[in-house]
Amino acid sequence: MRVQLPLINTVHGRSALTCRFRCGDACFHPAPNTSSNPYVGDVIATALSRRSMMRAAAVVTVAAAAGTAGTVVTAPSAEAAAQQATAKPKGKAARGLRFTPVAPNTADTVTAPAGYSQNVVVRWGEPILRGAPAFDPDRQTAAAQSGQFGYNNDFLALLPLPGERGRQVLVANHEYTDEVLMFRGYDAADPTREQVEIAWAAHGLSAVVVEENKKNGALTVVPRHHLNRRVTATTGFRLTGPAAGSDLLKTSADPTGRKVLGTLNNCSGGTTPWGTTLHGEENFNQYFANAGRATDKRYGIGTGASERKWERFDKRFDVAQEPNEVHRFGYVVELDPYDPSSAPRKHTALGRFKHEGATVRLTHDGRPVVYSGDDERFDYFYKFVGSKRMKHGSGRAVREHNLSLLDEGTLYVARLTGDSPAIEIDGTGKLPADGEFDGGGEWIALVTATAKGAVSHVEGMTADEVCVFTRLAGDKVGATKMDRPEDIEPNPHSGKVYVALTNNTNRGVGTNAPADEANPRNANKHGHILELTERWNRADSTKFAWTLFLVAGDPEDPATYFAGFPKDAVSPISCPDNVAFDPHGNLWISTDGNQLGSHDGLFGVATKGERRGELKQFLTVPTGAETCGPLVQDRRVLVAVQHPGEISGATVEKPASTWPDGPGKIVRPAVVAVWRKDGDDIGV
């Protein structure tokens, strides 16, 4: 029997505290995209309707949303639907997913399957650089924080460390800060300079060497290692690519338009085949104040004071005083973790928007392709195809060449289309004449950068403008509106690309696109996942087919869909966010904002074979926390437990969580490793 758990002080699946500090209350403001471009819910609705008809699947709602209210369209054969819904899978689960699923729960801890152990690898505030003091939340300083592990860890990467057996380099994003959970007596209306400077130092990235304990599988930090590094909101960066040096990027502090201080709101990311890490600057808009231009509005930048009031202490956060500073955030950042002295890069060729992340695969001839979603209601997802081939080797010349790979190539935005005449889609689920149940799409070119310059493919916009105002470029070419496109990952086994769409509760609300006969469900509060197959399975193709892989929510809800797998044999899931693949080709999904009453968690789902769609929950995270990362290796799973205790009304004095160190200790975001007690591979 499934236990119904109460929601815990949440707004649209997140606590109001999360909305304040992570995204600047984005859900409470009108969606920045007011274009008339097609909405992906309409396209998906058509495909899901046809699929349910052809496969005689369980009753399925024809919509991108998976909420609890709406019109239900039934499959033609109730008998076939019942058989599909109750058929028991035969044999074992897919290799890599053979564990006992964790039940939905609200425990204030990381709950892992039976037979698995865990340890906290590194917490906020742990010293990682030489000279950094031990963490003391009551005596914290900006200088101390700049040598300690940052706050709110999100994306994780583990890179090999040749010559040091049993050691790897862990790279983590630090997305944002929860000042009310960091400082005793914090006054949001009147923060101190010291508090602001500590927050600057707690943002950014950390690179830290970790060592494996061969006896028990734990990972521990190697402090003061020469590769350990902190990158903060005041670290020097290079702007590269076609917009570098543009008048749109010049400020009073940087008249060259090629140097910028810091990185903000790094959410997810990716690793590159040439040994670097990529990091997406997401909700950068919330740090800037006093905006007023139409371009600022399209990016959700406020007209008044910012939440953190940083503009009081540095004029670069005041758009009225430094109008171009905000144009220098919202990019994909590249870090070379093997060279602590190198300046990280911001790649303007990959466009400026709220990058959830950036994941890479190579074309058949060795050129990089980068996928990235714009995490906003009704916004788009993108692909960059490089024009230069990756070189192999370890010399400095090879390294420099590969670090330039993301500066030349073409940036595309996705347009999804249906494959049947609109007149045949009447909203009843009737199969169209062509008998198809999937859709197609194309990548629309926005800008091409070369060593000699850049060319815009968008009428009325220069190449610089496309790179800096990429959302507007997507509007102009008719890109398809999505329900918060977040992480996008190509499967290294099959080449198929998976797009996590977290939710969009604004569908059909107010003046937003209403439900209609082709999309009869409003308020997509649970999200879904698309599976894309690029033509000829070539990463540089400009055409693709798509299919709906998963519609999230309670399996007992007829709106949900798990790639056709029996719904009484899967775990409930809500709000897919970050995704990753294990060595067997299974998709692992972390959630953010669970609307089913349980804490967020990590799930594995088979993508192929007769058990395709079998989804199992691997772990849950503590009260108020989000599951980030994740990393799934042969013998270890890592997750970043972000913003534990982030519940409305919580403070340092009145914590909502005591994780990870127990009562009397300040709540701290941290990275957790999980492994099998018997030392065998995960899920086999």
Side-chain angles (χ1 to χ4, degrees), residues 10-14 18-19 22-35 37-44 63-67 154 175-176 265 267-268 280-286 298-300 330 353-359 371-382 413-414 416 470-471 474-475 479-489 498-509 512-513 519 521-530 532 546 548-553 573-579 589-595 600 626-628 642:
T10 61
V11 180
H12 303 316
R14 296 176 175 176
T18 302
C19 296
R22 178 164 64 182
C23 58
D25 286 331
C27 292
F28 295 96
H29 302 296
N33 190 353
T34 58
S35 74
N37 291 357
Y39 172 63
V40 75
D42 299 325
V43 183
I44 293 173
D154 196 300
E175 187 176 359
Y176 66 100
N265 215 262
C267 196
S268 190
E281 294 184 311
E282 193 188 30
N283 294 301
F284 64 91
N285 57 298
Q286 64 173 300
R298 182 64 180 86
Y299 281 84
F353 47 89
K354 292 185 178 181
H355 289 271
E356 166 70 17
T359 56
Y371 300 90
S372 192
D374 187 351
D375 185 7
E376 187 83 69
R377 296 161 295 154
F378 305 114
D379 256 296
Y380 316 130
F381 65 93
Y382 300 79
V413 67
L416 279 67
T470 311
R471 281 184 169 179
D475 296 345
T480 304
K481 295 180 178 180
M482 310 297 290
D483 283 352
R484 287 188 58 210
E486 302 231 24
D487 209 1
I488 304 176
E489 292 272 354
Y498 293 80
V499 184
L501 300 155
T502 295
N503 55 40
N504 185 354
T505 56
N506 273 25
R507 173 65 174 173
V509 176
N512 294 298
N519 183 28
R521 175 164 287 182
N522 291 330
N524 177 14
K525 66 180 183 180
H526 293 303
H528 51 280
I529 291 180
L530 286 176
L532 306 183
W546 60 267
L548 199 62
F549 178 69
L550 184 150
V551 179
I573 184 172
S574 178
C575 300
D577 191 328
N578 297 141
V579 294
I589 307 164
S590 62
T591 65
D592 173 21
N594 190 326
Q595 282 285 286
D600 280 308
E626 172 190 351
T627 321
C628 295
Q642 193 187 83

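Positions are given from 1, in the same order as the sequence printed here.
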- Run the numbers on M482 and F378 for side chain to side chain contact (heavy atoms under 4.5 Å, CB included), then give the verdict. CA-CA 5 Å; M482 310 297 290; F378 305 114; over 6 Å; no

- Apply the test side chain to side chain contact (heavy atoms under 4.5 Å, CB included) to residues V413 and T470: give CA-CA distance (whole Å), side-chain angles for both, the deciding distance (0.1 Å), then the verdict. CA-CA 9 Å; V413 67; T470 311; over 6 Å; no

- With sequence neighbours left out, write down each residue that passes side-chain hydrogen bond (donor to acceptor under 3.5 Å, both in side chains) with S372, or none if nothing qualifies. H355

- Query: Side chains of Q642 and D592: donor-acceptor distance under 3.5 Å anywhere?
  - Reply: no

- Counterpart residues, ring pair (Phe, Tyr, Trp, His ring centres under 6.0 Å), relative to Y382 (two or more places apart): F353

- Message: Does any part of the side chain of N594, heavy atoms only, come nearer than 4.5 Å to the side chain of C575, both counted from C-beta?
- Response: no

- Residues in side-chain hydrogen bond (donor to acceptor under 3.5 Å, both in side chains) with T627, at least two apart? none

- Not counting sequence neighbours, which residues clear salt bridge (charged side-chain N to carboxylate O under 4.0 Å, His left out) with E281? List them please. K346

- Item | C267 side, atom SG; N578 side, atom CG - distance, nearest 0.5 Å | 6.0 Å

- Task: Given side chain to side chain contact (heavy atoms under 4.5 Å, CB included), test Q286 with N265 step by step and report yes or no.
- Result: CA-CA 9 Å; Q286 64 173 300; N265 215 262; 3.3 Å; yes

- Side-chain contact, heavy-atom cut-off 4.5 Å: Y371 with D487? no

- Message: As a quick check of understanding, evaluate side chain to side chain contact (heavy atoms under 4.5 Å, CB included) for D577 and T591, giving each step before the final call.
- Response: CA-CA 5 Å; D577 191 328; T591 65; 5.8 Å; no

- Under the ring pair (Phe, Tyr, Trp, His ring centres under 6.0 Å) test, residues paired with Y498 that sit two or more places apart: F549, F581

- Are the side chains of L501 and I529 in touch, meaning some heavy atoms are under 4.5 Å apart? no

- Find the distance between CD1 (I589) and CG (L550) and round it off to the nearest 0.5 Å. 5.5 Å

- Option among H528, R484, E486 that satisfies the side chain to side chain donor-acceptor pair (under 3.5 Å) test with T502: E486

- Task: Report yes or no: is the cationic atom of R471 (NZ for Lys, CZ for Arg) closer than 6.0 Å to the six-membered ring centre of Y380, at no more than 45° off its axis?
- Result: no

- Task: Output the distance between atom CG (L530) and atom CH2 (W546), rounded to the nearest 0.5 Å.
- Result: 7.0 Å

- Evaluate salt bridge (Lys or Arg N to Asp or Glu O under 4.0 Å) for E282 paired with K354, printing each intermediate quantity in order. CA-CA 4 Å; E282 193 188 30; K354 292 185 178 181; over 6 Å; no

- Interatomic distance, N283 atom CG to E356 atom CD [nearest 0.5 angstrom]: 9.0 Å

- Task: Could you go through the salt bridge (Lys or Arg N to Asp or Glu O under 4.0 Å) check for R298 and D379 one step at a time?
- Result: CA-CA 11 Å; R298 182 64 180 86; D379 256 296; 2.9 Å; yes

- Residue pair N503 / D483, side-chain heavy-atom distance below 4.5 Å: no

- Could you tell me whether the side chain of I488 reaches within less than 4.5 Å of the side chain of F381, counting heavy atoms only? yes

